[in-house]
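Throughout, a chain's letter reflects where its sequence line sits, starting with A, and its residues are numbered from 1.
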Amino acid sequence: MMANTIKITKGLDIKISGKAAEKISKIPHSAVFEVNPESYHGITPKVLVKEGDTVNAGTPLFHEKSFPEMNFVSPVSGKVREIVRGERRKVMHITIDTDKTIEYKKFSVKKPSDSTADEIRALMLESGLWSFMRQRPYDIIPNPAKSPKAIFISTFDTAPLAPDYEFIIRDQLADFQTGVDALSKLTSGNVHLGLKSDASVFSTVKGVIATVFSGPHPAGNVGVHINHINPVNKGEVVWTIHPQDVLFIGRLFNKGIVDLTRLVALTGPEVENPQYFETISGNNISEIIKGNLKKVSYPLRFISGNVLVGRKITENGFLAPCCSQISVIDEGTETHEMLGWAMPRFNKFSASRLYLTKLLRKKEFKYDARLMGGRRAIIMSGEYDKVFPMDILPEHLIKAMIAKNIDKMENLGAYEVAPEDFALCEFVDTSKLPLQAIVRYSLDFLKSEVE
Amino acid sequence: MNKLRNLVDKIKPDFEKGGKFEKLHSVFDGFETFLFVPNTTSKRGTHIHDAVDSKRTMIMVVLALVPALLFGMYNVGYQHFMAIGQDAGFWATFWFGFLSVLPIVLVSYIVGLGIEFVVAQIKGHEIQEGFLVTGFLIPLIVPVDTPLWMIAVATAFAVIFAKEVFGGTGMNIFNVALITRAFLFFAYPSAMSGDKVWIRTQDTFGFGGGQVVDGFSGATPLGQIATSASPTIQITDMFGHQFSFMDAVTGFIPGSIGETSVIAIAIGAFLLLLTGVASWKTMLSVFAGGTLMALIFNHFGPDTAAANLPWYYHLVLGGFAFGAVFMATDPVTSSRTETGKWIYGFLIGVMAIVIRVLNPGYAEGMMLAILLMNIFAPLIDYYVVDANVKRRLKRAVNK
């Protein structure tokens, strides 16, 4: 059956070099793994282990204070090395001395089709896999007390240099199907699958409503899919989950273990051999980047995620739980461009017509982490609209957010968006405003005021 | 380049907190970011950014204004030498205009940027580029014989009360250059209207002196129409020769310095539209509104010269084209929604013609029309945004 096709016209494909080749290398687990509660936005962790405790992959390390059944588990087996606390005893991170071979905690499982929704919910909370899902509104880990009207999975990522999930998952479709079967029990509505094309390997997945999205980035963003298919109204909840994380749910129900093995794409202009690595979140990225970077004299920036929404980490940083990509770019602090406002700057990418980007038809441009200008009040109009393919007025929503106007935020679509939806707006913004930070802050503010 | 960079790095500490010239930090920062793209990197959020910034955007607008300025300079000389009955040749004509206009440009920039520098330092902000455009617009929309002290006072008033009190670049409700013009118009009416100010009859710095030819009249075409007693249209040059439509298009007519040549303005418009800095929707709809309203007056209006003026004359005379291209499209004071831009532009065109035709006190309506619509732009946006809100609420109910 042909899936419905939705054509996205607004958006922007950023031309940047360093896409991962379809090649997988296995890398060793580092001696120490790190779990960082900061990776899970909005939770208050209560630690369940002590330093020196032995844990298996799947053993809870901490749980959420307001939902004690919501566990966050160890990705590997080993010994708890250190629980680092910061100001006011806030848990900064937990480190684990890793075993050579991973021991898995055993969960008793049934096939999803033989399980009730409550059983599946309980198992996902217990096994820590709940934390891989996101809820809209607020872009947080789903509130277990609320049932979603639909669950959305985008099976493709259009962000710059994004990993190719067709390549990653094509040999693991059985686990993916099981994961989808489990998820579909958790919603009264449907599981929606966003596909890249009708020829997608995901088009064989059963029990879902598949929709093809074509067009430039952010055509692969799940927020765009939700807005076009079943938008979030006030009081409604939808869940989303990344395709690799669906595999974890599938493995849990097929094998009874929490196996967080995933492929991570090492990408970016400063990477010598961009490719995929098989690893586990919590691993040190130095294992991945070792020997794979270009030899350069300038400082580099390492990003857990893509260049638009990822988090800045150090070269000894740890892989975040949902991370499927590491990007490496020039930090840019050593670059001094004279009279940039007047120069042609042929090697710079711009979505505007103030540069010759479009005429040059080049494939690659030079990028670094500079803002490329000074921060200003919003001056130009219509910039955000051109890269924001939703029935939302982005500039007006942002202004309502800056003004902390709750009624306006609600009315203009704050419940439908996540910070990542504004990444392209932030990229093209002449005024260089931190739009994703504004959205993140405002969603937290909205939640604290409304709930 | 490295030498310059080293020099900047060397003196930089003096301008930072605790340095000798701490009080000039904003000025230093302004010059540093002018010389070098700032090295600030993103801490969170998007790690890479588009190469566009507000400096480049503003400079593009300034570039687009250059043809109008150059032509304006030439036309000042052209009108002057015609008035004194001399043929000075191309370069002397331009030189006279250059000498006459340059002081206005300097006064506008020195006063405006001076205030911006001080305010930026007081607030601890970066110096912003908005005034680069405003300071360039002001000389183009005033008559050449406006006393410089008036321009200084008006610029200071506009920058302080129309911009800085609202929060600076991007926060103003009214177009700052037009507030300067409006201030001049209402504060010094005798110096800003009538037929004495549009053509410089005196010498400039001792250059280009001469006696005004007999029978000279320096009224602008729109001024002539507004004061015309008969309903037939008589627009003439200073010696009573009829102006043709092409004279108005090329711009060899009296008027504010930069507004007369539709060709020079069209070059600027082309640049703005090509680079996408100005909205074609706003621009087009101003002309559409003006055309429609003028046609209505042509057919159903009162029997006056202004109402009888053919619609295509309305679009090329006075500040209509200049306002449509450079003033109405100011993104800060215009409607910010795409639908709103159509309405906003259209109403500017309509209002400009209504004021021209129906209000005998004002020969030109463009300035007031744009300022008026500046007030209404947020209201237009309110209704456009409200439609989106209603659609969203309906969606929730209809399920």
Side-chain angles (χ1 to χ4, degrees), chain A residues 14 16 231 233-234 301 303 307-312 327 329 331-333 335-342 345 348-355 367-374 376-382 385 391 393 395-396 411-413 423 426-432 434-437, chain B residues 1-2 4-5 8 29 33-60 126-130 167-171 274-277 279 331-332 334-338 341 381 384-386 388-389 391-393 395-397 399:
Chain A
I14 296 169
I16 176 168
N233 299 302
K234 189 177 178 177
R301 170 170 293 207
I303 302 157
V307 289
L308 290 180
V309 304
R311 240 172 217 263
K312 181 183 169 180
S327 309
I329 59 170
E331 177 73 24
T333 40
T335 311
H336 298 288
E337 272 188 284
M338 208 170 150
L339 302 179
W341 50 271
R345 294 167 101 189
K348 288 279 175 289
F349 181 91
S350 176
S352 79
R353 298 199 295 270
L354 286 160
Y355 289 89
Y367 297 90
D368 55 53
R370 287 175 302 157
L371 295 179
M372 300 285 171
R376 297 288 179 265
I378 298 178
I379 297 171
M380 304 305 286
S381 65
D385 294 281
D391 184 18
L393 298 167
E395 181 191 317
H396 293 85
N411 286 337
L412 290 170
E426 187 173 326
F427 174 81
V428 300
D429 188 7
T430 303
S431 298
K432 313 292 178 190
L435 300 181
Q436 293 185 82
Chain B
M1 176 188 143
N2 270 334
L4 187 60
R5 185 63 238 174
V8 172
D29 182 73
T33 57
F34 172 83
L35 283 173
F36 295 98
V37 178
N39 269 17
T40 332
T41 53
S42 63
K43 300 281 174 289
R44 54 185 297 190
T46 304
H47 297 269
I48 56 174
H49 283 81
D50 196 298
V52 72
D53 72 341
S54 77
K55 280 196 179 56
R56 192 162 183 106
T57 309
M58 297 299 176
I59 288 299
M60 190 51 67
E126 284 181 40
I127 289 168
Q128 314 202 337
E129 302 78 11
T169 302
M171 303 292 195
L274 193 72
T275 54
V277 171
S279 161
V332 174
S334 135
S335 262
R336 300 193 61 90
T337 53
E338 297 305 305
K341 283 173 188 168
D381 281 344
V384 175
V385 173
D386 200 45
N388 180 283
V389 169
R391 194 161 62 237
R392 180 165 291 102
L393 290 175
R395 189 181 78 186
V397 175
K399 287 195 308 128

inquiry  = Quick one: does any side-chain atom of A/W341 pair with a main-chain N or O of B/F34 as donor and acceptor, under 3.5 Å?
reply    = yes

Please confirm whether the backbone N or O of B/I48 pairs with a side-chain atom of A/R370, one donor and one acceptor, at under 3.5 Å? no

Item to check | A/K432 versus B/T40, side-chain donor and acceptor atoms under 3.5 Å | outcome: no

On a heavy-atom basis, the closest approach of A/M338 and B/L4 is CE-CD2, 3.4 Å

Okay, B/Q128 and chain A: the region with an atom under 4.5 Å from a heavy atom over there is both

In this structure, CG of A/L393 is separated from CZ of B/R336 (nearest 0.5 Å) by 12.0 Å

field: side chain to side chain contact (heavy atoms under 4.5 Å, CB included) assessment of B/E126 paired with A/R376
entry: CA-CA 9 Å; B/E126 284 181 40; A/R376 297 288 179 265; 3.0 Å; yes

Report the relative orientation of the aromatic rings in A/H336 and B/F36; use parallel for angles under 30°, tilted for 30 to 60°, perpendicular for over 60°.
perpendicular

* Asked: Would you say B/R56's side chain and A/L354's backbone share a donor-acceptor pair under 3.5 angstrom?
  -> yes

Closest non-hydrogen atoms of A/A377 and B/G170, given as atom of the first, atom of the second and distance, are CB-CA, 4.3 Å

Which of A/E331, A/R311, A/R301 passes side-chain contact (heavy atoms from CB on, under 4.5 Å) with B/H47? Answer is A/R301

One option among A/A369, A/G340, A/G373 has the most heavy-atom pairs under 4.5 Å with chain B, and it is A/A369

Nearest heavy-atom approach of B/E338 to A/G382 is OE2-CA, 3.6 Å

Does a side-chain heavy-atom distance below 4.5 Å link B/P331 with A/I379?
yes

Between the CG atom in B/D50 and the CD atom in A/E426, the distance rounded to the nearest 0.5 Å is 12.0 Å

